[in-house]
Protein chains: 2
Amino acid sequence: MHTVAALAGVSIASASRVLNGLGGSPETVSRVRAAAAEVGYVPNAIARSLQSQRTDLIALAVEDIGNPVYVEMMRAIESVVAESGRQLVVHATGGQVAAETALLRRLAHRYVDGMVISPIRVTDSHLEAMAASPAPVVVIGQLPDEAPIDNVRTDSRAGVALAVSHLVAGGRRKIGFVNGPLDTVPGAARDGGFRESLAHHGIPIDEQLIEVGNFQYAAGRAATERLLSRATPDAILCANDLIAVGALHALLVAGLRVPQDVALVGMDDTELARMAYPQISSVSLGSATRGNLAAQLLLARIKDPALPPRREQVLPKLVVRASSEVGQR
Amino acid sequence: MHTVAALAGVSIASASRVLNGLGGSPETVSRVRAAAAEVGYVPNAIARSLQSQRTDLIALAVEDIGNPVYVEMMRAIESVVAESGRQLVVHATGGQVAAETALLRRLAHRYVDGMVISPIRVTDSHLEAMAASPAPVVVIGQLPDEAPIDNVRTDSRAGVALAVSHLVAGGRRKIGFVNGPLDTVPGAARDGGFRESLAHHGIPIDEQLIEVGNFQYAAGRAATERLLSRATPDAILCANDLIAVGALHALLVAGLRVPQDVALVGMDDTELARMAYPQISSVSLGSATRGNLAAQLLLARIKDPALPPRREQVLPKLVVRASSEVGQR
DNA sequence: GTTTCGGCTGTAAACGTTTCCGGGAGTCTC
DNA sequence: GAGACTCCCGGAAACGTTTACAGCCGAAAC
């Protein structure tokens with residue numbers, strides 16, 4: 001910029017003003033423009049950040065960038081973030097508490113203007129780190145009610161209930177359940193929802209029909225195999241779509257027909273559910289909507305940090321596909 | 001930092017030195033440490049960047065963060081980038097030339113230290129922008145031989161040949177081909193490879209058996225349906241795994257058995273191929289390896305910009321699974 | 001007792017911008 | 001024709017670090 005100013009024969013202050021479109025006489029404007037073009041001037045983002053105290057970067061921390069549910073969130077977030085002229089910095093945490101709190105603490109370095117994080121477990125150190133963070137944080141997922149943090153959540157218990165009701169309405173009574181780890185927030189919620197929901201329909205809980213793995217395809221397949229070796233359900237509910245695809249695989253290998261012998265329902269309603277054959281029914285937890293809302297909340301808070309903490313809720317919705325169609329028994 | 005220095009009763013220079021572990025008397029060291037702890041001092045990443053002329057950020061630009069092949073690359077890149085203490089900024093370009101060149105030009109702002117880009121089309125404006133970029137760029141994919149740019153590629157023609165030979169060896173002669181757009185680098189290479197390879201095996205080319213869509217699931221499925229409405233192949237080769245999953249779906253819906261009636265082979269060997277039922281054979285183009293190499297090249301160049309341009313090649317490898325097992329007719 | 005050396009320290013410049021402030025020139029109004 | 005007002009402009013400070021340089025002091029060497 002010094003160079004540009006010198007070349008145009010003006011002060012750097014004037015050059016800066018012209019290049020930011022803040023006034024200047026026609027004469028100087030054209031001289032500065034010409035000089036900038038001649039030397040191929042490009043403003044330095046870092047110096048600008050230092051001065052403006054913003055980086056125009058937003059961080060996103062998710063467990064696993066391979067899980068399609070996070071891909072959908074990421075796409076949604078990316079689009080609103082890009083719209084606002086900012087960019088996304090993506091972190092994969094592997095679901096590790098230490099990695100997540102480290103990331104949160106790093107916010108203090110001000111390398112981004114804010115963060116959207118979707119922790120799979122929420123610990124006290126999370127809460128502390130978020131409270132201490134000078135940069136705004138928005139959480140996708142459950143949070144203690146008293147935590148003063150912007151938060152968008154869904155009601156996965158209600159989601160599970162939708163699925164169970166649907167299966168029961170289709171005449172299924174021996175409903176299996178393949179869940180993720182119980183010490184995670186979603187795992188615990190789904191477990192609770194499942195038990196609650198069976199009780200509500202007057203169906204006794206059969207522990208033989210419940211299996212736990214993690215939220216991945218391979219674990220879902222293995223867990224389903226274990227379940228099938230013990231009992232034969234007439235339906236299986238899975239805690240997410242990756243697990244459901246694994247379960248489908250296990251069912252087909254076992255020679256069971258879906259949905260005739262066993263109905264199958266997943267959760268998250270990702271494209272994976274549509275890509276399976278038969279297509280898998282799934283409880284939509286509005287991942288794109290949640291991502292979108294989270295990004296909006298974050299931008300709003302960056303704009304006005306004094307805003308009271310907000311909490312958004314998106315309602316689950318069941319999408320029925322071939323894998324659980326009623327009347328296919 | 002001013003505050004810390006004042007509190008410790010030393011100059012900011014001394015404070016800086018202590019906090020960076022560069023000497024200082026035991027007395028000052030402990031005073032500065034104590035002061036820093038007291039006020040909860042955290043260094044400002046931006047000011048540091050302005051001074052050090054590095055941001056410790058690496059950009060990654062891919063067409064679609066939803067495509068599992070890019071997810072694999074991203075994971076591989078993320079891990080080496082994180083290992084070096086840097087972070088990844090992810091951009092989704094949607095395969096748009098304008099978006100990609102804009103991104104490349106933005107490198108001049110120095111908001112990242114370098115970029116890995118995997119363009120699906122390579123135009124002159126790409127080459128210009130890369131040549132003009134003051135920050136290093138590594139390309140994953142084909143590039144004109146004379147372009148002086150670090151580059152890691154694979155030989156997808158050879159990959160196609162592996163698949164065709166495998167199918168022919170299994171007794172298939174009416175081999176269908178579902179490709180992505182021919183104006184993309186991978187699309188063109190695969191088309192060339194397919195024709196070349198059939199010729200090599202003395203099989204005449206039947207245009208009825210060739211379809212073009214894009215590299216997505218839905219397009220793959222639709223293209224396969226079109227193909228099946230015209231002819232009945234005894235094998236189908238797909239330009240990537242997303243297409244292959246779509247093709248599988250179309251085949252099953254049409255009542256065809258895989259592999260008995262139609263053998264199926266995809267490309268990229270992503271987890272998607274393993275998650276399908278039956279599992280889909282796929283030509284591995286080493287996406288993780290390519291990502292890893294690209295990241296290494298980039299870090300090496302950042303360290304020493306004077307390095308001559310390097311070019312790495314990873315060999316394709318066929319992974320045979322149930323969808324094309326020999327002897328299943 | 002003088003010189004030399006090494007270890008610490010503080011001053012100040014530098015990184016590349018933006019922006020506040022004051023001054024100068026020109027125009028309008030009465 | 002004088003005052004008020006507007007518009008531009010340049011100087012300089014500021015953002016928060018790192019680091020080159022020079023100065024100081026004490027200890028070691030002769």
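Numbers restart at 1 for each chain; the letters A, B, ... are given by sequence-line order, proteins then strands.
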Q: Nearest whole angstrom, please: distance from the C1' of dA12(C) to the CD of Q51(B).
A: 13 Å
Q.
What contact category does S52(A) fall into here, base, sugar-phosphate, or nothing, at under 4.0 angstrom with non-hydrogen atoms?
A. nothing
Q) Are any non-hydrogen side-chain atoms of I120(B) and V185(B) less than 4.5 angstrom apart? A) no
Q: Rounded to 10°, tell me the angle between the two end axes of the helix from dG1(C)-dC30(D) to dC30(C)-dG1(D), each built from five pairs.
A: 50°
(Q) Just to be sure I understand the geometry, which residues of residues 30-42 of chain A put a non-hydrogen atom under 4.0 Å away from DNA chain C? (A) Y41(A), V42(A)
Q: Would you kindly give the NE2-to-C1' distance between H109(B) and dT17(C), to the nearest whole Å?
A: 13 Å
Q: Round to a whole Å and report the spacing from CG of N20(A) to P of dT19(C).
A: 7 Å
**Q.** Non-neighbouring partners of E27(A) that pass salt bridge (charged side-chain N to carboxylate O under 4.0 Å, His left out), sequence neighbours left out
**A.** R31(A)
**Q.** salt bridge (charged side-chain N to carboxylate O under 4.0 Å, His left out) involving R106(B) - partner list, sequence neighbours excluded
**A.** none
Q: Go through DNA chain D in 5' to 3' direction and return only the first and the last nucleotide with some atom under 4.0 Å of chain A's heavy atoms.
A: dC8(D) to dG16(D)
Q) Mind checking whether L127(A) and P144(A) have side chains closer than 4.5 Å, heavy atoms only? A) yes
Q) Are OP1 or OP2 of dT9(C) and a side-chain N or O of S25(B) less than 4.0 angstrom apart? A) yes
Q: Check side-chain hydrogen bond (donor to acceptor under 3.5 Å, both in side chains) between T93(A) and all other residues, then give those that pass, not counting sequence neighbours.
A: E100(A)
**Q.** Residues in salt bridge (charged side-chain N to carboxylate O under 4.0 Å, His left out) contact with D268(B), at least two apart in sequence or another chain
**A.** none
Q: Could you tell me which residues satisfy salt bridge (charged side-chain N to carboxylate O under 4.0 Å, His left out) with R153(B), sequence neighbours excluded, listed by chain and number?
A: D145(B)
Q. Is any side-chain heavy atom of L297(B) closer than 4.5 Å to a side-chain heavy atom of E312(B)?
A. yes
Q: Take atom CG of N44(A) and atom C1' of dT18(C), then tell me their distance rounded to the nearest Å.
A: 13 Å
Q: Let me know the distance between CD of E27(A) and P of dA25(C), rounded to the nearest Å.
A: 17 Å
Q) Could D183(B) and R121(B) be called an ion pair, given the rule that one side-chain N must be under 4.0 Å from one carboxylate O? A) yes
Q. Applying side chain to side chain donor-acceptor pair (under 3.5 Å), which residue pairs with at least one partner in residues 37-48 of chain B are found, sequence neighbours left out?
A. none
Would you list the atom pairs, donor with acceptor, under 3.5 Å between side chains in residues 60-69 of chain B and any protein atom, with sequence neighbours excluded?
from   : atom 1 : to     : atom 2 : distance (Å)
D64(B) : OD1    : R75(A) : NH2    : 2.9
D64(B) : OD1    : G66(B) : N      : 2.8
D64(B) : OD2    : N67(B) : N      : 3.4
N67(B) : OD1    : V69(B) : N      : 3.0

List the atom pairs, donor and acceptor, that lie under 3.5 Å between side-chain atoms in residues 107-115 of chain A and the rest of the protein, sequence neighbours left out.
from    : atom 1 : to     : atom 2 : distance (Å)
Y111(A) : OH     : H91(A) : NE2    : 3.0
D113(A) : OD1    : T55(A) : N      : 2.8
D113(A) : OD1    : T55(A) : OG1    : 3.1
D113(A) : OD2    : T55(A) : N      : 3.3
D113(A) : OD2    : D56(A) : N      : 2.8

Q: Check each residue of residues 4-19 of chain A for a non-hydrogen atom within less than 4.0 Å of any atom in DNA chain C, then write out the ones that pass by number, or none.
A: A13(A), S16(A), R17(A)
Q | Side chain to side chain, L298(B) and P136(B), heavy atoms closer than 4.5 Å | A | yes
